[in-house]
Chemist: 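Have a look at the structure that comes next, please.
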Amino acid sequence: MDLYSDIPNHLPEELFQTLIHTPDVRIERIISRGHQTPADEWYDQKENEWVMVVQGAGELTFDDGRSPVRLHAGQSIYLPAHCRHRVSWTEPDRNTIWLAVFFPPASHD
């Protein structure tokens, strides 16, 4: 798959596409264009997540009060399971392409 192809011109909502899904890992391409998670909603996932911005920029805000993190192309962040976060900003006039890898926590986590 070409991460830069088959992107709709009109994106009323973020686009989530599963690229690989096995019992142990899920890899998604996420396309944002000015999208953000609603202010009263948080992602609180059972899985660990490693996410990288491939193109564009986006900002993550956390429920625990730590400072928001803005990621640009080539930058990534590790989000352990149940790290409550939301997308608080993405570039409004340009596609932000995220590559997210989800995997279960180790049994000792």
Chemist: Taking atom types as modelled, find out whether S88 and Q36 have a side-chain donor-acceptor pair closer than 3.5 angstrom.
Modeler: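 No.
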Chemist: Out of curiosity, I31 CD1 to E14 CD, how far, rounded to the nearest 0.5 Å?
Modeler: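 Going from the CD1 atom of I31 to the CD atom of E14 covers 9.5 Å.
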Chemist: Taking D63's backbone N and O only, do any of them form a donor-acceptor pair with R84's side chain (distance below 3.5 Å, no angle check)?
Modeler: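 Checked: no pair found.
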Chemist: For Q75, what residues pass the side chain to side chain contact (heavy atoms under 4.5 Å, CB included) criterion, not counting sequence neighbours?
Modeler: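 In terms of side chain to side chain contact (heavy atoms under 4.5 Å, CB included), with neighbours along the sequence ignored, Q75 is linked to L71, H72.
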Chemist: Counting N and O atoms only, with roles assigned by atom type, does the side chain of Q17 sit under 3.5 Å from a partner on the main chain of I30, one being a donor and the other an acceptor?
Modeler: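 Absent.
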Chemist: So, the side chain of R33 versus the backbone of N9: is there a donor-acceptor pair under 3.5 Å, distance only?
Modeler: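 Confirmed, R33 side chain pairs with N9 backbone.
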Chemist: How long is the span from the CG atom in L99 to the CD1 atom in I27, to the nearest 0.5 Å?
Modeler: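 With rounding to 0.5 Å, CG (L99) is 6.5 Å from CD1 (I27).
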Chemist: Walk me through whether W98 and R29 qualify under side chain to side chain contact (heavy atoms under 4.5 Å, CB included).
Modeler: CA-CA 6 Å; W98 309 79; R29 176 179 82 159; over 6 Å; no
Chemist: Kindly compute the distance separating CD1 (I7) from CG (D2), expressed to the nearest 0.5 Å.
Modeler: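 Taking CD1 in I7 and CG in D2, the distance rounds to 8.5 Å.
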Chemist: Looking just at side-chain N and O atoms, do T90 and T96 make a donor-acceptor pair shorter than 3.5 Å?
Modeler: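 Their side chains do not contain a donor-acceptor pair, so the 3.5 Å distance test is not met.
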Chemist: Could you verify whether a donor N or O on one side chain and an acceptor N or O on the other, from W42 and T37, lie under 3.5 Å apart?
Modeler: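 No - no donor-acceptor pair under 3.5 Å links their side chains.
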Chemist: Between the main-chain N or O of H35 and the side-chain N or O of S32, is there a donor-acceptor pair closer than 3.5 Å?
Modeler: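 It does not hold such a pair.
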Chemist: Mind checking whether F16 and V25 sit in one hydrophobic cluster, side chains of I, L, V, M, F, W, Y counted as touching below 4.5 Å?
Modeler: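 Unlinked, F16 and V25 end up in two clusters.
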Chemist: Given 3.5 Å as the limit, does a donor-acceptor pair link the side chain of T18 with the main chain of I20, or not?
Modeler: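 No: the side chain of T18 does not pair with the backbone of I20.
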Chemist: Can you confirm whether more than 12 heavy atoms, excluding those of D6, are under 6.0 Å from its CG atom?
Modeler: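 No, the 6.0 Å shell around CG holds no more than 12 heavy atoms from other groups.
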Chemist: According to side chain to side chain contact (heavy atoms under 4.5 Å, CB included), who are the partners of D64, at least two apart in sequence or on a separate chain?
Modeler: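 Listed in chain order: F62, R66.
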